[in-house]
Amino acid sequence: MSTDFSFRSARWTALAVVVLAVVLALASLLPQSSALSVSPFVVTLCGKYLSYALLALAVDLVWGFAGILTLGHAAFFALGAYGMGMYLTREIGARGVYGNPDLPDFMVFLSWHRLPWYWWGSDHFAIGLALMLGVPAVLAGLFGWLAFRSRVSGVYLSIITQALTYALMLAFFQNGMGFGGNNGLTGFKDVLGFDLTAPGTRATLLALTGLILGAVLMGARFLMGGRYGRLLVAVRDTESRTRFLGYRPEQIKLLVWVVSALIAALGGALYVLQIGIVNPGEFAPANSIEAVIWVAVGGRGTLTGAVIGAVLVNLGKTLFTAILPEFWLYGLGALFLATTLFLPHGVMGLLRHVPRKREEEVTPEITNPEGSNA
């Protein structure tokens, strides 16, 4: 698939996402009697889809362009969600059930007497933002440095990423961790002083999520369309030759790994703002596997495909679970098998024969990325 087509589609996709998000946000502010009005449920659902699209985009960067099949990116998504949840929890202050201005309700219930050190400053948005993005970035940097430096690859790396998110899930289920145990964090009231249940706030959050997704998509397009993107593809396809030419593949892969973790964490933070709850279930390995399916359905290594796949699959999940909820997982598995067998390049692969405008911009075909049986 040509880079020209993929990156042109990314530009138009970013524009479409922003326009649709803004239009839906404005429509949600119309009177309910209006035929053009959009319900709060639809606004929340669309915001969730766009947050998931950020996770899918993060997975596409490391799987589609670096050839690293990650089964643990839900960990970074969940850490970003918990970072935002910590800020929103502290924002409640004395308005909680127990009226304690310093301790969240669950800590009072568990007879905690002081705030853990890792919660310090989380009532300030700037520090909360640092937690949302800094913690996932540091974890990704440490994990990636150890894994890539040891030249762990293929199925072994996939298993390790899955083990990472599973270990975090087990840890966050413990009450002693100070994150609400299996109940997680919930009961949020406002953000930056704005009521989270107000229609205007919900509309603003949807528009903001669309703008951020569009900006991240364009940033990924710029990064992958330049020299670094071509170098990353070279590492993916012929790592030994790239190393022979004097490059450090582990450093090249580490950069995209950390960037993708930041994107996933950003998606998690936006997800919590619109859903209103975060619990250890967000770390579940199944969530990471679903994100891989979104990218496969949309078309890995295309950027646009990740966004399309995330929206389409989750829209199908919403509709299918309402009709036949007990068969959804079977449908998801069948979708992945059908995509692998009959549509190996995903939805975007259907358009791979679009004429190229600039022949010099060509991305090497994804033949056999690490961890793939294609």
Side-chain angles (χ1 to χ4, degrees), residues 1-14 16-17 49 52-71 73 153-155 158 213 216-218 220-221 223-225 229-239 253 256 260 263 288-317 331-374:
M1 186 180 298
S2 69
T3 300
D4 180 60
F5 169 72
S6 297
F7 290 174
R8 277 192 295 116
S9 67
R11 181 170 63 246
W12 287 110
T13 302
V17 164
Y49 293 163
Y52 282 156
L54 283 166
L55 174 59
L57 189 59
V59 172
D60 191 32
L61 286 177
V62 296
W63 187 30
F65 291 90
I68 303 170
L69 178 57
T70 171
L71 299 179
H73 255 54
S153 61
V155 67
S158 300
L213 175 58
V216 171
L217 185 56
M218 290 302 294
R221 173 186 182 273
L223 183 65
M224 294 298 107
R230 292 191 292 271
L231 192 57
L232 187 63
V233 170
V235 171
R236 180 196 70 196
D237 293 340
T238 55
E239 182 172 335
K253 291 191 287 187
V256 74
S260 70
I263 295 174
S288 295
I289 296 174
E290 276 198 40
V292 170
I293 295 176
W294 303 339
V295 176
V297 170
R300 66 181 185 268
T302 61
L303 300 179
T304 293
V307 176
I308 293 175
V311 173
L312 285 181
V313 175
N314 281 286
L315 178 60
K317 181 178 181 179
L332 184 64
L335 177 64
F336 186 61
L337 288 175
T339 301
T340 303
L341 294 175
F342 305 110
L343 209 61
H345 298 289
V347 173
M348 293 297 290
L350 296 174
L351 306 175
R352 65 180 180 272
H353 298 300
V354 173
R356 300 165 182 157
K357 293 180 66 176
R358 293 191 296 273
E359 289 294 332
E360 70 274 13
E361 293 185 348
V362 179
T363 297
E365 196 73 22
I366 297 176
T367 54
N368 187 27
E370 295 175 6
S372 172
N373 294 322

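Quick caveat: nothing in here was measured; it's all calculated off a predicted structure. What's counted below: heavy atoms across the whole structure, side chains too, no hydrogens, waters or symmetry copies. In what follows, residues are counted from 1 in the order of the sequence shown.
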**Asked** Atom CZ of Arg230 and atom CE of Met224: how far apart are they, to the nearest 0.5 Å?
**Response** 11.5 Å
**Prompt:** Going through the checks in order, is the side chain to side chain contact (heavy atoms under 4.5 Å, CB included) test met by Ile308 and Val297?
**Reply:** CA-CA 8 Å; Ile308 293 175; Val297 170; over 6 Å; no
**Distance in Å, Arg221 CZ paired with Thr304 OG1, rounded so as to fall on 0.5 Å steps** = 9.5 Å
**Message:** To the nearest 0.5 Å, what is the distance between CG on Leu303 and OG1 on Thr13?
**Reply:** 9.0 Å
**Fill in**
Residues Ala56 and Ala306: closest non-hydrogen pair is CB-O, 3.4 Å
**Asked** Is any side-chain heavy atom of Phe65 less than 4.5 Å from a side-chain heavy atom of Val256?
**Response** no
**Message:** Measuring from atom OG1 of Thr70 to atom CG of Leu61, what distance do you get when rounded to the nearest 0.5 angstrom?
**Reply:** 11.5 Å
**Asked** Taking atom CD1 of Ile68 and atom CZ of Arg236, what is their separation to the nearest 0.5 Å?
**Response** 11.5 Å
**Partners passing side-chain hydrogen bond (donor to acceptor under 3.5 Å, both in side chains) against Ser288 (at least two apart in sequence or in another chain)** = none
**Message:** Checking Ala291 now: which residues fulfil side chain to side chain contact (heavy atoms under 4.5 Å, CB included) with it, not counting sequence neighbours?
**Reply:** Leu55, Val59, Trp294
**Request:** State the CG-CH2 distance between Leu71 and Trp63, to the nearest 0.5 angstrom.
**Result:** 9.5 Å
**Request:** Locate the shortest heavy-atom distance separating Val62 from Ala66; write the atom from each residue and the value.
**Result:** O-CB, 3.2 Å
